[in-house]
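Positions are given from 1, in the same order as the sequence printed here.
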Amino acid sequence: MKRSRLLWVDDEIELLRPYILFLQEKGYDVDTTTNGVDAISRCQSVAYDLVLLDEHMPGITGLETLEQLKVYRPTTPVIMVTKSEEEHIMDMAIGRKIADYLIKPVNPNQILLSLKRNLHRQSIESEVSQSDYTEEFSKIGRQIAEASDTKSWEELYRKIVKWELDFADTHHPMGEMLKQQKEEATEAFSKFVAKHYLSWVASYRRGEQEQRPLLSPEVFPRKVFPMLEQGRKVFFLVLDNFRYDQWRILVSRIPADFSITESLYYSILPTTTQYARNALFSGLMPSEIVRTFPELWVEDSDEEPKNRNEASLLEDLLRRYHRTESFSYRKLTDAGSIEQLIREIPQLQKNELNVAVANFIDMLSHGRTENKMIRELAKTEAAYRSITQSWFVHSSLNDLLMQFSRRGYTIVITTDHGSIRVTQSEKVVCHNNDTTNNLRYKVSKNITHHSKRIYEIANPTDAMLPCKSLSSRYIFAMGPTYLSYAQYFNLFARRYEDTFQHGGISLEEMIIPFIVLESERG
């Protein structure tokens with residue numbers, strides 16, 4: 001590892017020789033000076049890794065030196081090592097972005113600890129996480145092989161996401177190993193879903209809740225309505241196309257005065273707005289929506305928005321469950337619509353239930369496919385998460401959450417489905433023009449494929465999916481694949497490979513977050 005070069009500025013530098021020798025033995029090169037003016041001059045010509053700085057010196061003070069050092073070297077960490085215990089000096093040092101503040105007399109190991117914290121934290125964390133993951137690798141492998149129910153898959157997915165965030169740097173030495181292990185998990189999960197999905201739907205149809213996950217149409221009846229029955233007001237926020245890993249990176253941005261309860265549920269197939277979100281708001285499976293409210297269902301081939309009837313579906317859901325609570329529904333499509341909702345909260349607080357849908361993440365996902373600049377900005381999974389976090393922080397959403405919370409609302413943050421980064425194409429042959437355009441699923445009465453990475457539902461009724469004709473079939477891409485027509489294979493590869501898509505079967509698309517925030521202020 002490269003030796004770090006330090007500058008120690010103190011008018012009693014000779015008294016600090018034992019400390020300097022200690023640091024040199026620990027692998028640091030240490031230059032010294034006795035006053036702020038010389039320190040500034042040194043830093044103009046030398047890019048030190050860190051500066052140790054006294055406060056009380058002849059000439060200019062340590063704080064004055066610090067101010068000028070930040071002009072020339074704004075990113076160089078500065079540790080103040082001083083006898084001064086005056087609170088206003090501490091405040092000034094912190095205000096000028098000091099890296100640490102140590103009060104003399106100090107133990108050499110205190111200085112060493114501060115150096116490690118400010119210079120070597122990333123490499124130390126990387127080494128520790130690498131060691132921990134090496135130990136965990138075989139355990140995760142066993143979990144993948146032995147996962148036999150939805151709870152074990154949820155636990156495994158949480159663990160994989162945890163390591164993904166630890167290894168967010170694409171050049172992390174363990175990143176490739178984790179990537180391969182996640183691909184193995186995704187393949188095994190897809191097979192698990194293909195094996196059990198129809199039995200989950202059959203169990204749902206019978207009204208049974210054991211041995212299967214919570215599904216999209218059950219979220220309001222089993223999660224939200226019990227809150228309303230307890231007399232709690234609820235603000236229900238749907239972040240369209242929101243993945244669990246994106247939630248985990250946002251959690252640090254949730255205001256500290258919220259307590260957080262995190263759980264997961266499963267999106268139905270297809271994992272798209274038309275099916276999963278309409279099921280979420282209606283409390284019905286897609287075939288039930290078509291049968292009960294044919295006027296509210298939008299066909300795959302229709303050009304109009306697939307989510308235009310959500311408010312009507314939610315209104316009927318409340319009525320079917322004999323809920324008398326008043327509610328509102330809003331779509332948040334840009335910053336202006338969020339700010340408008342904030343302005344309307346005083347009028348909306350009469351409602352027991354307020355619902356909003358924010359489409360930014362979905363727009364980002366689709367925009368990455370169509371726009372080269374967005375594709376470059378969201379080039380990696382880590383970058384995709386980072387843009388989501390940046391949007392959340394700067395979008396007034398935190399203010400929106402706080403405004404509802406101050407009025408006594410329980411905050412729910414969830415989604416309808418996630419998305420997966422697709423890397424492999426699977427050829428399909430369509431023999432008519434009624435096939436859907438989605439890259440992760442197709443529904444048609446005449447479609448051919450020859451792949452083990454495609455899950456087929458030959459009888460849509462078994463999955464409670466609508467069908468235009470008796471011979472209609474659904475096929476779903478499994479894992480990081482997308483479906484392309486044989487005659488357009490090369491065109492699809494150029495356009496869609498390495499984009500984020502949804503509609504099929506994967507951990508990211510199906511296992512999705514359900515978050516409850518409660519104000520700790522009571």
Side-chain angles (χ1 to χ4, degrees), residues 161 165 219 223-224 227 232-265 273 277 280-281 307 310-311 314 327-349 351 353-368 374 377-378 382-419 500 512-521:
V161 166
L165 299 185
V219 169
K223 288 282 197 177
V224 179
M227 298 179 189
R232 295 152 74 182
K233 289 185 169 184
V234 176
F235 174 56
F236 190 86
L237 176 62
V238 175
L239 301 181
D240 188 13
N241 210 353
F242 185 48
R243 307 191 319 192
Y244 176 66
D245 62 326
Q246 292 170 315
W247 157 248
R248 289 309 309 167
I249 204 169
L250 290 191
V251 69
S252 63
R253 300 295 185 167
I254 299 295
D257 45 4
F258 279 118
S259 65
I260 302 172
T261 304
E262 174 191 295
S263 60
L264 300 168
Y265 83 94
T273 296
R277 198 154 91 210
L280 173 69
F281 281 117
N307 56 2
E310 289 169 353
L314 178 57
F327 80 98
S328 72
Y329 170 89
R330 295 286 190 283
K331 280 187 181 175
L332 308 177
T333 56
D334 54 30
S337 58
I338 298 176
E339 291 161 7
Q340 178 62 31
L341 179 57
I342 291 173
R343 289 193 292 270
E344 293 177 4
I345 289 177
Q347 291 75 47
L348 295 176
Q349 64 182 338
N351 296 326
L353 174 64
N354 288 293
V355 176
V357 178
N359 291 325
F360 172 80
I361 301 172
D362 192 54
M363 290 189 290
L364 173 63
S365 174
H366 292 296
R368 189 181 181 278
I374 296 177
L377 289 172
Y384 186 50
R385 288 190 292 264
S386 179
I387 291 177
T388 303
Q389 183 184 58
S390 179
W391 163 74
F392 183 81
V393 169
H394 298 291
S395 69
S396 301
L397 271 181
N398 267 338
D399 189 26
L400 179 66
L401 302 181
M402 292 302 300
Q403 291 290 342
F404 271 111
S405 176
R406 290 184 189 124
R407 289 164 172 81
Y409 281 81
T410 295
I411 312 296
V412 173
I413 301 176
T414 190
T415 187
D416 46 357
H417 57 77
S419 63
F500 290 95
I512 49 182
F514 185 92
I515 314 302
V516 179
L517 307 180
E518 295 275 13
S519 174
E520 294 190 333
R521 295 180 181 180

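- No donor-acceptor pair closer than 3.5 Å links the side chain of Ser390 to the backbone N or O of Ser386.
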Go through the steps to decide whether Asn359 and Leu332 satisfy the test side chain to side chain contact (heavy atoms under 4.5 Å, CB included), and finish with yes or no. CA-CA 7 Å; Asn359 291 325; Leu332 308 177; over 6 Å; no

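- Judged as a ring pair (Phe, Tyr, Trp, His ring centres under 6.0 Å), and not counting sequence neighbours, Phe392 has no contacts.
- With contacts defined as side-chain heavy-atom distances shorter than 4.5 Å, the pair Ile338/Ser395 qualifies.
- Evaluation of the side-chain hydrogen bond (donor to acceptor under 3.5 Å, both in side chains) rule for Ser337 yields Asp334 as partners, not counting sequence neighbours.
- Not counting sequence neighbours, the partners of Ile512 by the side chain to side chain contact (heavy atoms under 4.5 Å, CB included) test are Tyr265, Ser267, Thr415.
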Would Asn354 and Asn351 count as a side chain to side chain donor-acceptor pair (under 3.5 Å) here? Give the steps. CA-CA 7 Å; Asn354 288 293; Asn351 296 326; 3.1 Å; yes

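- Partners of Glu339 by salt bridge (Lys or Arg N to Asp or Glu O under 4.0 Å), not counting sequence neighbours: none found.
- Asp245 places a side-chain heavy atom less than 4.5 Å from the side chain of Arg385.
- In this structure, the separation between CD1 on Ile361 and CG on Leu239 is 5.0 Å, given to the nearest 0.5 Å.
- Side-chain atoms of Thr414 and Ile515, non-hydrogen and from C-beta on, never get closer than 4.5 Å to each other.
- Residues satisfying the ring pair (Phe, Tyr, Trp, His ring centres under 6.0 Å) test with Phe404, not counting sequence neighbours, are Phe235, Tyr409.
- Arg253 is linked by a salt bridge (Lys or Arg N to Asp or Glu O under 4.0 Å) to nothing, counting only residues two or more places apart in sequence or in another chain.
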Would you please test Val412 and Phe514 for side chain to side chain contact (heavy atoms under 4.5 Å, CB included) and show each step? CA-CA 7 Å; Val412 173; Phe514 185 92; 3.6 Å; yes

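- For the residue pair Arg407/Gln403, the side-chain donor-acceptor check at 3.5 Å is satisfied.
- Here Gln340 contributes atom CD and Ile345 contributes atom CD1; the two are 11.0 Å apart, rounded to the nearest 0.5 Å.
- Not a single donor-acceptor pair under 3.5 Å links the side chain of Arg248 to the backbone N or O of Tyr244.
- Residues Thr273 and Asp240 form a side-chain contact, since some pair of their non-hydrogen atoms from C-beta on lies under 4.5 Å apart.
- In this structure, Asn398 has no side-chain hydrogen bond (donor to acceptor under 3.5 Å, both in side chains) partners at least two apart in sequence or on a different chain.
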Chi angles and distances behind the side chain to side chain contact (heavy atoms under 4.5 Å, CB included) call for Ile249, Thr388: CA-CA 9 Å; Ile249 204 169; Thr388 303; 5.7 Å; no

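- Considering only heavy atoms from C-beta on, Phe360 comes within 4.5 Å of Ile387 through its side chain.
- Using modelled atom types, one side-chain atom of Arg243 and one backbone atom of Ser419 make a donor-acceptor pair closer than 3.5 Å.
- Going from atom NZ of Lys233 over to atom CG of Leu348 covers 10.0 Å, rounded to the nearest 0.5 Å.
- Expressed to the nearest 0.5 Å, how far CG of Leu353 lies from OG of Ser328 amounts to 7.5 Å.
- Qualifying side-chain hydrogen bond (donor to acceptor under 3.5 Å, both in side chains) partners for Lys223, counting only residues two or more places apart in sequence or in other chains: Ser263.
- Note on ring orientation: taking the six-membered ring where Trp is involved, the planes of Phe242 and Trp247 are perpendicular (angle over 60°, cut-offs 30° and 60°).
- Here the side chains of Leu397 and Leu237 are in contact, with some heavy-atom distance below 4.5 Å.
- Here the side chains of Asp257 and Met402 are in contact, with some heavy-atom distance below 4.5 Å.
- Here the side chains of Asn241 and Met363 are not in contact, with every heavy-atom distance at 4.5 Å or above.
- Thr410 OG1 to Arg232 CZ: the interatomic distance, rounded to the nearest 0.5 Å, is 4.0 Å.
- Ser259 is linked by a side chain to side chain contact (heavy atoms under 4.5 Å, CB included) to Glu518, Glu520, counting only residues two or more places apart in sequence or in another chain.
- Interatomic distance, CG of Leu517 versus CD of Glu262, reported as 11.0 Å (0.5 Å rounding).
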Could you walk me through whether Glu310 and Val357 pass side chain to side chain contact (heavy atoms under 4.5 Å, CB included), step by step? CA-CA 10 Å; Glu310 289 169 353; Val357 178; 4.0 Å; yes

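- Checking side-chain atoms of Gln349 against main-chain N and O of Pro346 turns up a donor-acceptor pair under 3.5 Å.
- Minimum heavy-atom separation, Phe327 to Ala311: CZ-O, 3.9 Å.
- Residues passing the side-chain hydrogen bond (donor to acceptor under 3.5 Å, both in side chains) test with Ser405: none are found, sequence neighbours excluded.
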